[in-house]
Each structure stands twice: as C-alpha cells, then as structure tokens.
Visitor: 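Have a look at the structure that comes next, please.
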Amino acid sequence: MKSKIHLLVLLWILSVAILMSILIVNSINFNTADAVPVDFSITKDINTTSYNQDVFRLAVSSVISPVETVKGYRPLIKYLEDKLGRRIELVQRTTYKEVNDLVETGEIDLAFICTLSYVEAEKNFRAKLVAAPQVQGSAYYRSLVIVREDSNINTIADLQNKKFAFTDPMSFSGRAAMIGELATIGRSPEDMFSSIIYTYSHDNSLRAVADGVVDAACIDSLVFDLTAELYPEITNKIRIIHTSPFVGNPPVILGADTSEEEFNMIRKILLNMHNEEAGRRALETLMYDKFLMPDNDSYNYIRSLIEEVRIDYYVR
Amino acid sequence: MLDKLVDTFARFSNNITLEIKILGITLGFIILFGTGITFEMRNIVYNLLLDELDKQGQSIASDLSARSADLVLTSNDFNLHLLLRHTVANNDAVKYAFIINDKNEIVGHSFNDGFPIDLKDIHGSNAYEKPSKILVESDSMIIHDFSIPIIDGKVGIARVGLDESNVNESIRKITNTIIQTTLVMALVGIIAAYLLAHLVSRPIHSLVQATRKFSEGDYSQRVEIYSNDDVGKLGIAFNEMGESLETKEQENQLLISEVEKKEQLRRSLLKKVMTAQELERKRISRELHDETGQLLSSLMLHLRHIKDSGYGEDFDTNVENMRTLINKTITEVKRMSYQLRPSVLDDMGLISAIERLIKEYRDVLQIEIDLIVHGKQSEQRMLTELEIAIYRILQEALTNIYKYAHAENVSIILTFRQETVQLIIEDDGVGFNLDLHLKSDATDNHLGLHGMRERAELFNGTFEIESQKDMGTTIYVTIPIVYEE
C-alpha cells in the first residue's frame, strides 16, 4: 500500500517535471535579437535638393526605363569620372521636358537626350551639340510602329480606333514621328486612336504592346534592336508595320553657358573613348560603337516636321 | 523525504471533506490545464505571428523597393511620397516607410512630424548589399524595421517599419478566448465535481449515520444503495452486517432470557434441594427418635427388667422379646439405610436396581409396569453418578405417574447403544398441556420435570417430553455413556 503511494507520488512528480520542461522549452523565444532604441521625437527636415558645385551632373532622358538606364550608363559614368576627376551624379526625370528644363537652367552639365528634345533645346536656348553615338555602324535611327505578332493590324490605316502608346510628349521616335505620319493622311492621334497612353520610356512601350495593354506603339529603332539582342522573347512577340525616315542618333548636348574649354574637353573625351580599353567597355555596355562628331543636318527631318505639325509637349 | 511529503500532504488533506477534495482536484486540474494551454498557445501563436510579420515586412519592403526604383531615379518626389503614403495606409502594421538614395540621403518618408534621424543608419553599411531586419524600440513599442536594397543597392534602400500591434491584438484575442473557455470549463467542472462529490459522499454520509445508530445499539438501521460501485458494495456489505447483527442480537436476547430462566430454576432447585435435605434430616431424626430410639428405650427397659428380676422363669421370654426388638431395630435401620441410598445400585448394578424399583412401585401402585432392555451393557461399569442420574430420573418419573397420571399401564424401555444410553418412559395416564406447563414459572410444582432435565443435561444428555391432555405422556432421555475410570 505504502509503496504504491510512493510510486504514484513519484509518477506525479515526474509528470509535473515533464510538463514544466515542455512549458519552458515552448516559451523560449528564439528571436533573441535585442531591440535598438530609437527616439522618434528627434527629427530633421530632409532636403535632398542641395546643390553641390563640385559634382558634375549628367542627365539622361528616359529613352529606356530609369532602372535600365542606371545599369547601362554606370560604366560610362565611371569612365567620365576618371577622365574629369570629378564625381558624377546621374540625374533622371520622368519626362524629356523636365530634362530640357534642367539643361536650360544650367543645373545639368551634360545631357544625353532625345533628338526632338535637342531640336527644341537648340531652338529655345541654343544648347550645344557635343557628339552623337554610332550604333552598329550606323549614325542614324528611326521610329518603328509595332503591333503584336498575332495582331491583324498591318498598316497605319488599320490603327483606326485602336489603343496606342506614346513614350514621351517630347519624343521624336516615340511620338512626333507618328504624328507626322498621321498628318500626311490628314489625321491626328486624338481622332485616330480610341485611347492614348504615355509610357515614358521605349522599353515600357515595347512591353505594353507585347503584353497586349495597347494595340500598337511607336518606338526608337535603337531600343528595339537593343531589346532584340537582350530580351528576344519580347521582340519575338512584336511585328513592325511601319518605319519613319532615318534621322541622326540621339545626341549628347551641353548647356548654352558651357565654356568653350569645357565643351572641347568633353567632346575630346567622348570622341576618343573607343581608343581606350575602359572607354570601349563603357561603350559596349551601351551597345555604342563609338561617339562621332555630330551632323546637325541629320535632324533636319525633325525640324521640318515641327514646322509643319504643331506638337503639344504639355499633354500627359 | 518522500515519506515526509506524503505525510504532509496526508495531514493537509485529513481535515478536508470529500466534497472539497473532489472540487479541489477538479478546479486545480482545470486551472492548471487552462493556464498551461494559455501560456503555450500565447507562445506558439506569438512566434508564428512574428514569423508571419517578418514575411509580411520583407514582402512589403521588397514591393516598395521595386516600385520606388524608377521614382527615385527620376527624382519623382511626389509620386514617391504617394507610394510611401499608400504603403503605410494599406497595411495597419506598417508604421512608417522611407527611401534612402545611393548617397545615403533620405529622398522620401512617411513621417508627419519630420524624419527621426537616429533611424536612418541602424542597419549599418551592409544595408546596400543585402536585406536585413532590425528590432527598433521606441516608446515601449517594438518595431520590426526591414531594409531592402533597391536595384542591388545601386539606387538606394527601401525601409519599412512594422509594429507588433496586430500580433499583440491577435494574442490578446486568443488569450481572452482561452481564458473565457477555461472559466466556462471551470464552471462546468465545479458543477460536475459538486454533483460527483455529492453522489460519492451521500452514501458515505448515510453509512456514517447508520454506523452511529449501530453504536447506540439500533441494529435496524439500513442504508440505501445508490450505485453498484465500491461505495455501493460497502453499503451492501454494511446492510448484510446489520442483518446478521440484528439476528445475533435477537439470538442473544433469547439466550439471555433462557439463561435467566435457568438461573431462576437453579435457585428453585437449590432451594428445593436444601428443603428436601432438611425434610430428609427431619424424617431421619424423627424416625431415629420415634422408631430406633423407641426400640432402644424398649430394649433398655427389657434389660432393666432382666436385671431386676434376675434369672427367673421370665428370663427366656424377655431375651426372646429383646431379640425380637433388636431384629425389628435392625430391619428398621436397614430400611432407613436403603431409603437414604439403595445399596442395590452399588451392589448389583443399574438394571437390578431398576428392576427392584419397578417391583416396589408395581406393588404399591397396583398397575402394570413393563421393563424392556435393548442392547448390551458393557463389561465396564458406567460412572456411578450417571447410573444414579438414570435411576433418579426413572424414580422421579414413576413418582409423577404415581402422583398425577392415574395411569393403568407404564412401559419402560432402556436402550444401550455404542455411545449413548436411552431411557423411554411411556404411560397411558391423563397427560397434561406441555406448553402451558413449561412456560409457567419454575415453581415447586414443576420442579420434578426441570430436575429430570437438569440431571440429563448435567451429563450433556437430552431430555424430551411429549404429552397431550388424555393422551398419556412419553419421556425420552438420551445421555452419552461415560465409564468409570
């Protein structure tokens, strides 16, 4: 009897011990990281627009999307930093117009912009043409009208009441060229298309067509070629139904206030890039052969276009 | 040590009623269970929810990182601000969100009252290379701060802070639910335990009460049997015990009254013995005085006459007279001696003594008395006292027949068996009502029967009597034979 009670008491004590150990094991917090105390009341106004005189500011219009731009221009920036001996800040804006405005006010030292943007900049504030790239042996490019491979659109006329994508209001290949084509048949985008969207970069327009968001778009032939090389699965879904006349490749410009000395230095650096190993690597990343002395007349088609057709840059 | 523990527990529980014990066990178990489950569930759910929170935070921060890249690169501050605002607004847990650019500058944040400067650099310099998570403590609130590089850190860092308010709210709900359930369980348990305790203790209480009654001598008390379990079995056993105790008590009462009756009888017998003794002495004294004394006085007179007259012609006559007197005296003494104790029993044995007794009564009563002896008496003589007992029982029976029965025939059968001797005395007299006779008090009138029984029982024998009015009487006496040493 007594030994039975002993056994029961022992069993009970054992079960309590098991229970306790289970509780302890389950209550151990494995997130043992200590919290960092932060006083949220100590605040500071953030001002990121502080202008640093020592920094060389390089703007790139959003021909391709900002993220792709960062990847593509990184080696070029590195090269220029080495050559200029100054830190270079890459500036991007959503629209071409914004970049032009920055060049005009002198906040930007060097800009890679679109052809139409240049024509406007030259006309409005005498921007200086520094150089233009040669891409796959050509100094020219054009606008392509693209549709999906499985689309039944074959001509400009088929675009009636379709959804169309422009890239930027101030883009030649992404907008102005199309407006020009429509003008020849006496139409305007607003009455031709059922709806118009702005994608603010050529690769976005490409994707919009490939994904069926829009029925057609006009884009830069350089971007198309680049994408065909990098992402053939996208361009395979695309069919080109129309091309514009060739114009000179998008140029590199400087503000009107740039000194002659700086202008020459930068032009020299750019034109000689392909003669150096580091320069070649930077050019290869952008798929450029080299920088050429620009031919200002190669943009004449655009100049005549904006003479004939009024293009509103303030649409969104 | 174990003994001590058991003892302490036993001492502690000794003074508590069964109800409280059962209630205590039930409540204790429920509370232990509830507490354990609450504790466990809190921990498990807390850890699970923290894991979820981490996943959620990482997901939100990654999303913010992907969506902010273009906005940061194009310095689209307003859309960035909208993105940050939406990120905070679309999830309760998100307390803040902000973006650091590649120059380690804040380009946008969701704080209304300015950016807390201490928050910016807590992830260290690795934040541009890989995602990380740090716990931030502010105003006793723990915030999980997630840092995800934008485009591999080339553009900047997206930061999101999630607090544990949702987690704590879930924990609170779970805890409340479990506590509520535990309380209801406790209530159900208390009622069930009370019911159980009542069911268990009710038969025990009635057993206790019945036992008290038993102590007071009331054996008629029985308990109600409620169940077939251990306690029920105890109740059944108790009732059986009560049954047998009651029977025993009745037997005891019977025995006591019998003993009392016997005691009364014994006293009467003793009294009778003493009276009989005195009567016998009186008779012997009178007989000695009247008979033997007279004869001896007469002899004295004869002797003086012979002395006075001397040798004369009367001498021979006188001597002859004296001889006659002496003879008479001797006869008288012999008679007295025989009456005191018949020497024939000692000299000739039981059967001869009985035969002689029968002859005497036959002569006196002038009735037919038969004696039949069955079996053979052993060579060895029976104990004298046993022989006397049989002799006296027969004598008493014959005296009763003589006094009351008015019988015409008496039959006596004496049977010797291996172990016992049986005596049957049968008459065809008037008989009597046996029940009435035995139930009446043991007065002198009935001492004859009781005396016979006493004598038989003295030798572990039995005495039975059958009688009915006008149907005669039969007496059966059986006594185990005891031999002389």
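Letters A, B, ... mirror the listed sequences (proteins, then strands); counts begin at 1.
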Visitor: If I compare all heavy atoms of A:Val70 with all of B:Lys154, which pair ends up nearest, and what's the gap?
Guide: CG1-CB, 4.3 Å
Visitor: Evaluate the criterion side-chain contact (heavy atoms from CB on, under 4.5 Å) for residue pair A:Gln92 and B:Ser75; output intermediate values, then yes/no.
Guide: CA-CA 7 Å; A:Gln92 298 193 72; B:Ser75 301; over 6 Å; no
Visitor: Is it the case that more than 12 heavy atoms not belonging to B:Arg67 sit under 6.0 Å from its CZ atom?
Guide: no
Visitor: Should we say atom CZ of A:Arg207 is surrounded by more than 12 heavy atoms from elsewhere, each under 6.0 Å from it?
Guide: no
Visitor: First locate atom CG of A:Leu19, then atom CZ of B:Phe33, and finally report the distance between them rounded to the nearest 0.5 Å.
Guide: 10.5 Å
Visitor: Return yes when atom NZ of B:Lys21 has more than 12 non-hydrogen atoms of other residues, nucleotides or ligands closer than 6.0 Å, and no otherwise.
Guide: yes
Visitor: Is there a side-chain contact between A:Val38 and B:Ile122 in this structure, where contact means two heavy atoms from C-beta onward sitting under 4.5 Å apart?
Guide: yes
Visitor: Got a second to check how far B:Asp70's CG is from A:Thr69's OG1, nearest 0.5 Å?
Guide: 8.5 Å
Visitor: In terms of heavy-atom proximity below 4.5 Å to chain B, should A:Leu90 be classed as side chain, backbone, both, or neither?
Guide: neither
Visitor: To the closest 0.5 Å, what do you measure between CD (A:Glu89) and CG (B:Asp102)?
Guide: 7.5 Å
Visitor: Counting only heavy atoms closer than 4.5 Å, note whether B:Leu71 contacts chain A via side chain, backbone, both or neither.
Guide: neither
Visitor: Does CG in A:Asp312 sit with more than 12 non-hydrogen atoms of other residues, nucleotides or ligands closer than 6.0 Å?
Guide: yes
Visitor: Looking only at heavy atoms, which of residues 159-170 of chain B get nearer than 4.5 Å to chain A?
Guide: none
Visitor: Rounded to the nearest 0.5 Å, what separation is found between the CG atom of A:Asp39 and the CD1 atom of B:Ile117?
Guide: 9.5 Å
Visitor: Sort A:Val67 into side chain, backbone, both or neither according to what part of it lies under 4.5 angstrom from a heavy atom of chain B.
Guide: both
Visitor: Tell me, out of B:Val72, B:Leu32, B:Val136, B:Asp118, who's got the most heavy-atom pairs with chain A below 4.5 Å.
Guide: B:Val136
Visitor: Tell me whether the count of non-hydrogen atoms from other residues, nucleotides or ligands lying under 6.0 Å of NZ in A:Lys78 goes above 12.
Guide: no
Visitor: What part of A:Val9 gets within 4.5 angstrom of chain B, counting heavy atoms only: side chain, backbone, both, or neither?
Guide: side chain
Visitor: Within this structure, what is the CG-OH distance for the pair B:Asn76 and A:Tyr200, rounded to the nearest 0.5 Å?
Guide: 10.0 Å
Visitor: Counting only non-hydrogen atoms closer than 4.5 Å, does B:Leu119 touch chain A with its backbone (N, CA, C, O), its side chain (CB onward), both, or neither?
Guide: both
Visitor: CZ of A:Phe40 to NZ of B:Lys95: how many Å apart, nearest 0.5 Å?
Guide: 11.0 Å
